[in-house]
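Accompanying notes for the structure given below.
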Protein chains: 2
Amino acid sequence: MSERTVEEYLESIGALEERESPVSTSSIAQVLEVSPASVSEMLRRLLRKGLVEYHPYGGAALTEKGRRRFLELTRRHRLWEVFLNRYLGIGWEDVYQPACSLEHATSDLVAEKLGKFLDNPDVCPHGSPIPKSNLKRPKVPGIPLADLEAGQAGKMVCVVSESNSKFLRYLTSLGLIPGAKVKVLEKASFDGTLTIEVNNSTKAIGREAASLIMVEPV
Amino acid sequence: MSERTVEEYLESIGALEERESPVSTSSIAQVLEVSPASVSEMLRRLLRKGLVEYHPYGGAALTEKGRRRFLELTRRHRLWEVFLNRYLGIGWEDVYQPACSLEHATSDLVAEKLGKFLDNPDVCPHGSPIPKSNLKRPKVPGIPLADLEAGQAGKMVCVVSESNSKFLRYLTSLGLIPGAKVKVLEKASFDGTLTIEVNNSTKAIGREAASLIMVEPV
DNA sequence: CATAAGAATAAGGCTATCCTAAACAATATA
DNA sequence: TATATTGTTTAGGATAGCCTTATTCTTATG
Ligand SMILES: [Mn+2]
Ligand SMILES: [Mn+2]
Ligand SMILES: [Mn+2]
Ligand SMILES: [Mn+2]
C-alpha cells in the first residue's frame with residue numbers, strides 16, 4: 001500500500017491551493033507528471049478517505065484532515081532540508097529531492113526530535129516558512145521581486161520554485177539568496193526585465209524569473 | 001513502483017545468509033511476514049533483475065549485484081541508527097524502525113555526507129558493524145554469551161535481535177549494553193540458564209536470550 | 001522402496017496505481 | 001446561440017504485490 005502516493009497528492013494539492021482554489025485536475029497532473037485521468041481516479045479515492053472535497057468537473061480542496069496531513073508533511077520536508085543543508089553541507093539547490101523522500105519516512109517521534117535538534121527553525125534554506133507543531137498554515141511573506149518598481153529596494157525572503165536546481169544555482173551566481181539586499185535600478189517597460197543591484201554589483205534578471213523571488217520592500 | 005519492497009527482500013536474504021545458505025523461501029516469508037507463495041513469486045522477479053540466484057525448490061542467494069545493494073542498505077540503516085541515537089537522543093531500543101524507513105529514502109550523496117558527518121562510525125548502537133563505503137561484507141564478531149562457561153568473562157560487543165524493543169529494554173535493565181563487562185558465575189546444566197555479574201551486580205538470564213548476545217571472551 | 005509429512009510452487013483472485021483512447025462537459029469564440 | 005477548443009471523466013487494460021487453495025516436489029521414515 002503506497003501511502004507515499006497519497007502523500008505526494010496531498011502535498012501538490014496543498015501547494016497549489018496557494019495560487020488556485022479549488023485546484024484543477026490538470027494542475028495536479030502537471031505537477032505530479034501523471035495523466036489527468038489518473039488524477040481524477042485518485043481524487044475520488046482521496047474523497048472516500050475524507051482528505052479532499054471534490055465534485056466532478058469542480059476541482060479539489062483539502063479538508064481539515066487533509067490540510068493537517070499536508071502541513072505535517074511540509075514541516076517534515078523543510079526540517080530535513082535544514083538538516084541536510086546545515087549539518088550535511090548540501091547546497092540549497094540540492095536539498096529538495098532528498099527531503100521529498102525523507103519526509104515520507106519520518107515518524108512523529110523522529111519529527112519531534114529532529115525539530116528540537118534543529119532548534120525548531122522558522123524557515124527552510126529557501127526561506128519558506130516551516131509550519132509549527134501546532135500546524136497552523138504559515139503565511140508566505142513578501143511580494144514578487146518582479147512587482148518592484150525602478151528605484152525600490154527590498155530584502156529577499158524566499159524563492160518559490162524550490163525544486164529547480166538549475167534555477168537555484170543561477171540565483172546563487174547572482175548573489176540572490178534569502179536575506180540578500182536587492183535594489184531595482186531599471187525595469188524595461190517592454191517585457192519587465194529588471195536591472196538590479198545585489199552585493200554592490202549590477203545584474204539583469206528576466207521578469208519570469210523575478211516573479212519567483214519574494215522580497216520584502218524596504 | 002515500490003523499489004522499497006525489493007530492498008526489504010534483499011535485506012532479509014542478506015541477513016539470513018549469515019545463518020543459512022542458500023536461503024529458503026519459508027525463512028524469507030517468516031521474516032517479512034508474507035506468504036511463501038508471495039516469496040516464490042518475488043524470487044522469480046529478483047532473478048530476472050539479476051539480484052539473486054534462484055532455482056525452484058533450491059532456495060536463493062544474493063548475486064554480486066544483490067550483495068552490493070544489500071550492503072549499501074545495511075550501511076545506510078546503521079548510519080541512521082547512529083544519527084537517531086547520538087544526535088536525536090532516541091534510545092537503542094527505538095532506532096531500528098525509523099532507520100528501516102529512512103534507509104530507503106537515502107541517496108548516494110546523502111549517505112556519503114551522513115557518513116562523514118557521523119565520522120564514519122564502525123558500529124551501530126547495537127554494536128553491529130557498519131559496512132564501509134567500499135562495501136566489503138563485515139564480519140560479525142564475538143561468540144554468544146550462552147556459550148561461555150562458568151568462570152569465564154567477556155565484553156559484550158553486540159546484540160543480534162536489533163528490532164525487538166522489549167528485549168532491548170530488558171537488556172538495558174540488566175546493564176547489558178555494548179561494551180559492558182560480563183562474568184558468568186554459574187551455568188545451570190539443566191537448561192543453560194546463566195547467573196552473571198554485570199556492573200558489580202548479579203543477574204540471571206535465560207539461555208535463549210543469552211544466545212542473542214555476542215561477547216568477546218577475555 | 002513406498003509413503004507420509006513438510007516445503008515450495010502454480011493457479012486464480014484482489015487492490016492500488018498508472019496508462020491510452022473515447023466520451024462528455026465547460027468555456028471561449030464567432 | 002452555435003461551434004470549436006480545452007479540460008475532465010469513463011472505459012478498458014496493464015503491472016506489482018499480496019493472498020488463499022490446490023498441486024507438485026523433496027525428504028524423512030518405516
Ligand atoms: Mn515527497
Ligand atoms: Mn525549501
Ligand atoms: Mn527497511
Ligand atoms: Mn543496529
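Naming: A, B, ... by sequence-line order, numbering from 1 per chain.
- Atom CZ of Arg48(A) is separated from atom P of dA16(C) by 7 Å (rounded to the nearest Å).
- Under 4.0 Å is where a charged nitrogen must lie from a carboxylate oxygen, and between Glu112(A) and Lys116(A) at least one such pair does.
- If you look at Tyr96(A) and His126(A), their ring centroids are not closer than 6.0 Å.
- Identified under the salt bridge (Lys or Arg N to Asp or Glu O under 4.0 Å) test for residues 91-106 of chain B, with sequence neighbours left out: none.
- When the C1' atom of dG6(C) is taken as reference, atom CD of Gln30(B) falls 14 Å away, rounded to whole Å.
- In this entry the distance linking CE of Met42(B) with C1' of dA10(C) reads 18 Å, nearest Å.
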Query raised in the report: Which nucleotides of nucleotides 23-29 of chain D have their base under 4.0 Å from a protein heavy atom (B), which only their sugar-phosphate (S), and which neither (-), written as one string 5' to 3'?
Result: -BS----
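- Following rounding to the nearest Å, His55(A) (NE2) and dA26(C) (P) show an atom-to-atom distance of 14 Å.
- Arg45(A) has its CZ atom 12 Å from the P atom of dT15(C), to the nearest Å.
- For the pair Glu64(A) and Arg67(A), the salt-bridge criterion is met [side-chain N within less than 4.0 Å of a carboxylate O].
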Give every pair of a protein N or O atom and an N or O atom of nucleotides 12-14 of chain D that lie under 3.5 Å apart, one pair per line with the distance.
none

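- Legend: residues meeting salt bridge (Lys or Arg N to Asp or Glu O under 4.0 Å) with Glu81(A), ordered by chain and number and at least two apart, are absent.
- The aromatic rings of Trp80(B) and Phe83(A) are tilted relative to each other, their planes meeting at an angle between 30° and 60°.
- A donor-acceptor pair under 3.5 Å links the side-chain atoms of Asn85(A) to the main chain of Ile90(A), judged by distance alone.
- Within residues 19-29 of chain A, the residues that place at least one heavy atom under 4.0 Å from DNA chain D are, in residue-number order, Ser24(A), Thr25(A), Ser26(A).
- Considering only side-chain atoms of Tyr54(B), the nucleotide from dA8(C), dC19(D), dT10(D) that sits closest is dA8(C).
- A heavy-atom distance below 4.0 Å to DNA chain C is reached by these residues of residues 5-13 of chain A, ordered by number: Thr5(A), Tyr9(A).
- One finds no salt bridge joining Lys113(B) and Asp108(B) here, because no Lys/Arg side-chain nitrogen approaches an Asp/Glu carboxylate oxygen to under 4.0 Å.
- Going from atom NZ of Lys49(A) over to atom P of dA16(C) covers 7 Å, rounded to whole Å.
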Query raised in the report: For Thr74(B) and Glu11(B), what are the C-alpha separation, side-chain angles and deciding distance, and is it a side-chain hydrogen bond (donor to acceptor under 3.5 Å, both in side chains)?
Result: CA-CA 7 Å; Thr74(B) 303; Glu11(B) 283 192 270; 4.8 Å; no
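- Remark: P of dT15(D) and CZ of Arg44(B) are 15 Å apart, rounded to the nearest angstrom.
- Computed from coordinates, the Leu32(A) CG to dC19(C) P distance equals 10 Å when rounded to whole Å.
- Within 6.0 Å of CD on Glu18(A) lie more than 12 heavy atoms contributed by other residues, nucleotides or ligands.
- Annotation: Tyr87(B) is in aromatic contact with Phe117(B) [ring centroid separation under 6.0 Å].
- Remark: Ser40(A) is in phosphate contact with dT9(D), judged by side-chain N or O atoms under 4.0 Å from OP1 or OP2.
- Across all strands, Val34(A) comes closer than 4.0 Å only to sugar-phosphate atoms, never to a base (heavy-atom distances).
- In terms of position on DNA chain C, the residue among Ser35(A) and Gly58(B) whose nearest nucleotide sits closer to the 5' end is Gly58(B).
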Query raised in the report: What do the steps show when you test Glu8(B) against His104(B) for side-chain hydrogen bond (donor to acceptor under 3.5 Å, both in side chains), and what is the final call?
Result: CA-CA 9 Å; Glu8(B) 296 295 3; His104(B) 310 286; 2.8 Å; yes
Requested in this report: Could you walk me through whether Asn120(A) and Arg75(A) pass side-chain hydrogen bond (donor to acceptor under 3.5 Å, both in side chains), step by step?
Outcome: CA-CA 10 Å; Asn120(A) 288 307; Arg75(A) 175 171 167 81; 2.9 Å; yes
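- Glu17(A) has a carboxylate O that lies under 4.0 Å from a charged side-chain N of Arg137(A), or vice versa, which qualifies the two as a salt bridge.
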